[in-house]
Amino acid sequence: MARKSHRTDHGSTLVHPEDRRDAARRARTEVAFEEQAVLGALFGEFDANLVQIENRLGVLIAARGNKVVIEGAEDDVARAREVLVSMHERLLGGQELDSGSIEALIALSNEPTLDGIITTEASGPPIMIRTRRKTIVPRTAAQADYMRQLASRDIIFALGPAGTGKTYLAVAQAVSQLITGSVQRLILSRPAVEAGERLGFLPGDMKEKVDPYLRPLYDALYDCMPPEQVDRRIASGEIEIAPIAFMRGRTLSDAFVILDEAQNTTREQMKMFLTRFGQNSRMVVCGDPKQVDIPGGHTHSGLIDAVARLNGVDGIAVSYFTAADVVRHPIVGRIVEAYEGAQA
């Protein structure tokens with residue numbers, strides 16, 4: 001039977017001693033946002049963004065004018081407040097806000113260093129990548145570490161499932177360095193390999209056969225740079241997109257080089273690619289060791305072999321991502337976890 005609380009003549013409430021512990025777990029906080037011009041985007045159509053936070057964190061959120069009241073468990077209220085403040089800061093900074101970015105901020109709010117990751121660093125500037133079309137900030141702690149490496153290391157291996165931003169962030173960093181003149185060329189490559197398919201089954205000349213395999217790289221480029229600039233730089237040779245077979249015999253100097261889907265390289269291909277490294281260059285090798293589709297009976301991935309050989313070598317960094325770092329729709333992370341659990 002529930003115990004009743006009693007209100008005194010002075011307006012305070014007398015709580016039964018056994019209820020105090022439960023009451024202490026509940027919290028209520030109010031957040032006021034001064035920049036009212038962004039409130040519509042902050043709350044979302046029909047308060048959809050607030051509902052998303054409520055559903056994910058188990059809190060109650062009420063918007064009254066420019067103020068938001070959050071109620072729920074103490075830890076969840078603190079996380080919800082942190083997410084809302086971060087959403088507001090993104091909007092003020094001119095960044096986009098959608099359900100995916102909100103989901104990422106919710107996931108990141110469970111990290112103790114959210115403010116340090118997104119806004120300031122104790123010993124340096126904010127972690128971000130600026131391109132012509134947007135400013136990109138990390139959505140997870142793993143992305144923050146990866147972005148630090150992209151800005152400082154010569155060769156970076158990025159390992160993890162789809163949707164964690166491995167290739168996208170690498171392309172964004174490459175575009176940023178190309179725009180600022182830190183490198184003269186941007187070279188994007190990947191093995192022309194897909195599960196159960198071969199190039200010979202596709203119509204057209206070599207470019208028409210290869211382009212479908214390289215489509216994700218084009219998509220990332222167009223997201224970071226106006227399409228007309230991408231096309232112009234491709235035509236001039238500043239940006240080159242080609243299968244890994246086209247890298248043989250070259251020395252890639254003054255270039256930012258990205259190899260995507262590297263788990264589908266053989267040992268020989270990976271060695272060939274890595275030894276193309278030239279002066280004033282940077283290489284990023286992205287792949288998911290659990291998604292190997294090498295044809296022809298090959299069982300050893302060049303990516304797995306290279307990481308085992310080179311991890312710890314001076315100038316080389318390895319970034320690891322998990323299903324928790326997936327920044328696409330949250331169901332993608334759950335799918336990855338389900339498949340990884342089945343393989344365990």
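Numbering starts at 1 and runs along the sequence shown.
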Quiz item: Between atom NZ of K166 and atom CG of D288, what is the distance when rounded to the nearest 0.5 Å?
Solution: 6.0 Å
Quiz item: Can any side-chain N or O of N49 pair as donor or acceptor with the backbone N or O of L42 at less than 3.5 Å?
Solution: yes
Self-check item: Where G302 and M270 come nearest, the two heavy atoms and their spacing
Solution: O-CG, 3.5 Å
Quiz prompt | Under 3.5 Å donor-acceptor, E71 side chain and L60 backbone | solution = no
Quiz item: C286 and T167: which non-hydrogen atoms are nearest, and at how many Å?
Solution: CB-OG1, 3.8 Å
Quiz item: Taking the side chain from S189 and the backbone from A242, do they hold a donor-acceptor pair closer than 3.5 Å?
Solution: yes
Quiz item: Going by atom types only, do Q177 and R282 share a side-chain donor-acceptor pair under 3.5 Å?
Solution: yes
Practice problem: Please lay out, stage by stage, how E240 and L188 fare under the test side chain to side chain contact (heavy atoms under 4.5 Å, CB included). | Solution: CA-CA 6 Å; E240 180 181 349; L188 308 175; over 6 Å; no
Quiz item: Does the pair M247 and L252 meet the rule for a side chain to side chain contact (heavy atoms under 4.5 Å, CB included), with working shown?
Solution: CA-CA 9 Å; M247 299 296 107; L252 307 176; 4.1 Å; yes
Exercise. For side-chain hydrogen bond (donor to acceptor under 3.5 Å, both in side chains), just list the numbers for Y168 and D223, CA-CA rounded to whole Å, side-chain angles, deciding distance to a tenth of an Å, and then say yes or no.
Key: CA-CA 9 Å; Y168 184 87; D223 203 38; 2.5 Å; yes
Exercise. Locate the shortest heavy-atom distance separating I258 from A174; write the atom from each residue and the value.
Key: CD1-CB, 4.0 Å
Exercise. Search all heavy atoms of Q173 against all heavy atoms of F256 and return the closest pair with its distance.
Key: CG-CE1, 3.8 Å
Self-check item: Electrostatic pair R309-D305, nearest N-O below 4.0 angstrom
Solution: yes
Quiz item: Taking it one step at a time, do Q263 and E261 satisfy side-chain hydrogen bond (donor to acceptor under 3.5 Å, both in side chains)?
Solution: CA-CA 5 Å; Q263 75 274 5; E261 299 293 339; 2.7 Å; yes
Exercise. Hey, could you give me the CZ/CD1 distance between R148 and I156, rounded to the nearest 0.5 Å?
Key: 14.0 Å
Exercise. Check whether any side-chain heavy atom of H88 lies under 4.5 Å from a side-chain heavy atom of V38, and answer yes or no.
Key: yes
Quiz item: Between CG of D254 and CG of L178, what distance do you get to the nearest 0.5 Å?
Solution: 11.5 Å
Quiz item: Can you tell if the side chain of F157 reaches within under 4.5 Å of the side chain of L259, non-hydrogen atoms only?
Solution: no
Quiz item: L159 versus L303: any side-chain heavy-atom pair under 4.5 Å?
Solution: yes
Quiz prompt | I70 versus A80, closest heavy-atom pair with distance | solution = CG2-CB, 3.9 Å
Quiz prompt | Over 12 non-hydrogen atoms of neighbours within 6.0 angstrom of CG in D154 | solution = yes
Quiz item: Is there a chain of hydrophobic side chains (I, L, V, M, F, W, Y, each step under 4.5 Å between heavy atoms) that links I102 to V51?
Solution: no
Exercise. Kindly compute the distance separating CD (Q143) from CG (L169), expressed to the nearest 0.5 Å.
Key: 5.0 Å
Practice problem: Find the distance between CD (Q149) and CD1 (I155) and round it off to the nearest 0.5 Å. | Solution: 13.0 Å
Practice problem: Measure from the side-chain N and O atoms of Q279 to the backbone N and O of S253, and report whether any donor-acceptor pair falls under 3.5 Å. | Solution: no
Quiz item: Same cluster for V313 and V257 if Ile/Leu/Val/Met/Phe/Trp/Tyr side chains link at under 4.5 Å?
Solution: yes
Practice problem: Flag the pair D219 / L217 as yes when at least one side-chain heavy-atom distance between them is below 4.5 Å, and no otherwise. | Solution: no
Quiz item: Between the side chain of Q269 and the main-chain N/O of T266, is any donor-acceptor distance below 3.5 Å?
Solution: yes
Exercise. Report the C-alpha distance between V292 and H300 in whole Å, list the side-chain angles of each, state the deciding distance to 0.1 Å, and finish with yes or no for side chain to side chain contact (heavy atoms under 4.5 Å, CB included).
Key: CA-CA 9 Å; V292 178; H300 298 292; over 6 Å; no
Quiz item: What is the ring orientation for F33 with F43, classed by angle as parallel under 30°, tilted 30 to 60°, or perpendicular over 60°?
Solution: perpendicular
Quiz item: Side chain of Q52, backbone of S99: donor and acceptor closer than 3.5 Å?
Solution: yes
Quiz item: Are the side chain of R26 and the backbone N or O of E74 linked by a donor-acceptor pair below 3.5 Å?
Solution: no
Practice problem: State yes or no: do V69 and M87 share one hydrophobic cluster built from I, L, V, M, F, W and Y residues joined by side-chain heavy-atom distances below 4.5 Å, directly or via other members? | Solution: no
Quiz item: Between the side chains of D325 and Y146, is a donor N or O closer than 3.5 angstrom to an acceptor N or O?
Solution: no
Quiz item: Is a side-chain N or O of Y320 found less than 3.5 angstrom from the main chain of A158, in a donor-acceptor match?
Solution: no
Exercise. Would you confirm whether R276, through its side chain, and R250, through its main-chain N or O, come within 3.5 Å as a donor-acceptor pair?
Key: yes
Practice problem: Give, for atom CZ of F273 and atom CZ of R248, the distance between the pair rounded to the nearest 0.5 Å. | Solution: 13.0 Å
Self-check item: Backbone N/O of F277 and side chain of S281: donor-acceptor pair under 3.5 Å
Solution: no
Practice problem: Kindly give the heavy-atom pair with the smallest separation between P191 and D260, and that separation in Å. | Solution: CD-O, 3.2 Å
Practice problem: Could you give me the CA-CA distance, side-chain angles and deciding distance for L274 and L310, then say whether side chain to side chain contact (heavy atoms under 4.5 Å, CB included) is met? | Solution: CA-CA 11 Å; L274 293 174; L310 302 176; 3.7 Å; yes
Exercise. Might you confirm whether atom CZ of R185 has over 12 heavy atoms from other residues, nucleotides or ligands at distances under 6.0 Å?
Key: yes
